[in-house]
Amino acid sequence: MRVPAEIIADEDLIRGMDEKVRQQITNVACLPGIVRAAYAMPDAHWGYGFPIGGVAAFDPDQGGVISAGGVGFDISCGVRMLATDLTAAQIRSKQQDFAHEMSRSIPAGVGSQGHIHLDDAGMSAMLSGGARWAVAEGYGTVEDLARIEEQGQMAGATPDMVSARAKRRQRDEMGTLGSGNHYLEVQEVTDIFDEAAALAYGLSPGQAVVTIHCGSRGLGHQIGTEYLREMALAAPGYGIALPDRELACAPIDSELGQRYLGVMRAGINCALANRQILTHLARDVLERFFPGCKAPLLYDVSHNTCKEELHEIDGEERRLFVHRKGATRSFGPGMGDLPPPLSKVGQPVLIGGSMGTESWVLAGDDRSETVALSSACHGAGRAMSRHQAARTWTGSGIRKDLAARGIIVTSPSRRGIAEEAPGAYKDVTRVVESAERAGLARRVARLAPLVCVKG
DNA sequence: ATGTTC
């Protein structure tokens, strides 16, 4: 190991983690050019190569590497939240019809297609413009852009280097949720833990919010597939001895490393554009049910990325490439590119709970820079495999249980609902409390679901 | 996560 491997969680969470998390985060700590430590967040679980919930930063001047497996298949998968001016009571008064209409308007499921069909020129513009492109195309507003990491557009994307196959898979998939743990949820703010931060974020008890969790769909997956393979084949040529073949990587300063960076950044823009289009679709439904209502974007966070950032290491500011896979950036007050109302209290850290359970809004804690290079957890984290969950529950049973608790779930896949059963996940409250105690982020608000449009 | 196995 070149640096320590640190799991940041309470004892019970650590005991509950698969032994593979320990192995994987130890392997990451062996990679060339890694600085400070390899971190596992409180919600960490086994992943491809790197654990999901893993954070690792590399210095290009010390032979540091970039790894497709350290970003993940779903490049720039993330969460955004719209803080509406509606109350949960207003949503409840039309809950059935509203859920039905939302599920009709938001394309969901494996291979789902939207109403947008991009030609080659449109695809290139989208891959370099991100959410900024989407706004120019009429999806959402210019005001949204300040509330997105990178102001909605990841610089340094190279659409020309994205394979024809990756582009083909995405041509008809813009503005779609996809499947797995992706969802659009309407939630109620139930509890506030930090009044000042809640005020800055525009959150108050009884308020309805819309949360969107999805990523870069077929394009990100295709890029991940291609570069995992290419990096695995190329690693020996760079003199990199891999502790695990799944940790395939390339030096940041190599041709392959630079090519992956540009292509991955195009994938980030795809995810930002996708969430921006879904925001527009959700606002359309809100407007039909509640004419004149407002649903401004609180913030959009990505939790599968590698980003170039400045961090202080051993008293010296260094330019690092920070992999966060199933981990959220967590800038404290005054850090980074946050607009004034957010900068004062820290970056919103949006934590999607499992279907039917609570979700959380946290605020970046300035201690997080020292603890984990300004990173935090991203969700509940799986406690049970999809296969085991599908054997344990049925989709219709879970749907009925949730309906009895006032939560309406729609999905094209009954098996998908079973796989995402609340019992298949860790206790998100425990994860969040653990993150707060460690200084990764502070609790601001707890949310309970009303309507869940599931992928 | 994923045209759920190039």
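Letters go in sequence order (proteins before strands), and every chain restarts at 1.
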Self-check item: Sugar-phosphate only, base, or nothing, as touched by A:G180 at under 4.0 Å among non-hydrogen atoms
Solution: sugar-phosphate

Quiz item: To the nearest angstrom, how far is A:H221 atom NE2 from B:dT5 atom P?
Solution: 9 Å

Quiz item: Please give, in whole Å, the distance from B:dT2 C1' to A:D172 CG?
Solution: 16 Å

Self-check item: Residue pair A:L350 / A:R80: nearest heavy atoms and the distance that separates them
Solution: CD1-CA, 3.8 Å

Self-check item: Interatomic distance where CD belongs to A:Q222 and P belongs to B:dC6 [whole Å]
Solution: 9 Å

Self-check item: For atom NE2 of A:H182 and atom P of B:dT4, their distance in whole Å
Solution: 16 Å

Quiz prompt | For the student: nearest non-hydrogen atoms of A:V301 and A:Q347, plus distance | solution = CG1-NE2, 3.6 Å

Practice problem: Please state how far atom CD1 in A:I223 lies from atom P in B:dT2, giving the value in whole angstrom units. | Solution: 14 Å

Self-check item: Rounded distance (Å) that lies between atom P of B:dT2 and atom CG of A:D74
Solution: 6 Å

Practice problem: Considering just the side-chain nitrogens and oxygens of A:S179, establish if one lies under 4.0 Å of OP1 or OP2 belonging to B:dT4. | Solution: no

Practice problem: Nearest whole angstrom, please: distance from the P of B:dT2 to the CD of A:E226. | Solution: 16 Å

Practice problem: Kindly say if A:R217 contacts the phosphate of B:dT2, meaning a side-chain N or O under 4.0 Å from OP1 or OP2. | Solution: yes

Acceptor/donor pairs from residues 27-37 of chain A side chains to any protein atom, 3.5 angstrom cut, sequence neighbours excluded:
residue : atom : partner : partner atom : Å
A:N27   : ND2  : A:Q23   : O            : 3.4
A:R36   : NH1  : A:Y39   : OH           : 3.3
A:R36   : NH1  : A:T370  : O            : 2.9
A:R36   : NH2  : A:E312  : O            : 3.4
A:R36   : NH2  : A:E369  : O            : 3.4

Practice problem: Quick one: which residue pairs count as a side-chain hydrogen bond (donor to acceptor under 3.5 Å, both in side chains) with a foot in residues 225-236 of chain A, not counting sequence neighbours? | Solution: A:S163-A:E226, A:Q222-A:E226, A:Y227-A:R259, A:E230-A:R259

Quiz item: When we call it a touch if two heavy atoms are under 4.0 Å apart, what does A:G178 touch: a base, just sugar-phosphate, or nothing?
Solution: sugar-phosphate

Self-check item: Whole angstrom value for the distance that separates P of B:dC6 from CD of A:E230
Solution: 18 Å

Quiz item: So what does A:Q170 hit on the nucleic acid, given a heavy-atom distance under 4.0 Å: a base, only sugar-phosphate, or nothing?
Solution: nothing

Self-check item: Backbone of A:G218 reached by a side-chain donor or acceptor of A:E173 within 3.5 Å
Solution: yes

Exercise. Could you tell me whether A:R415 contacts a base, only the sugar-phosphate backbone, or nothing, with contacts defined as non-hydrogen atoms closer than 4.0 Å?
Key: nothing

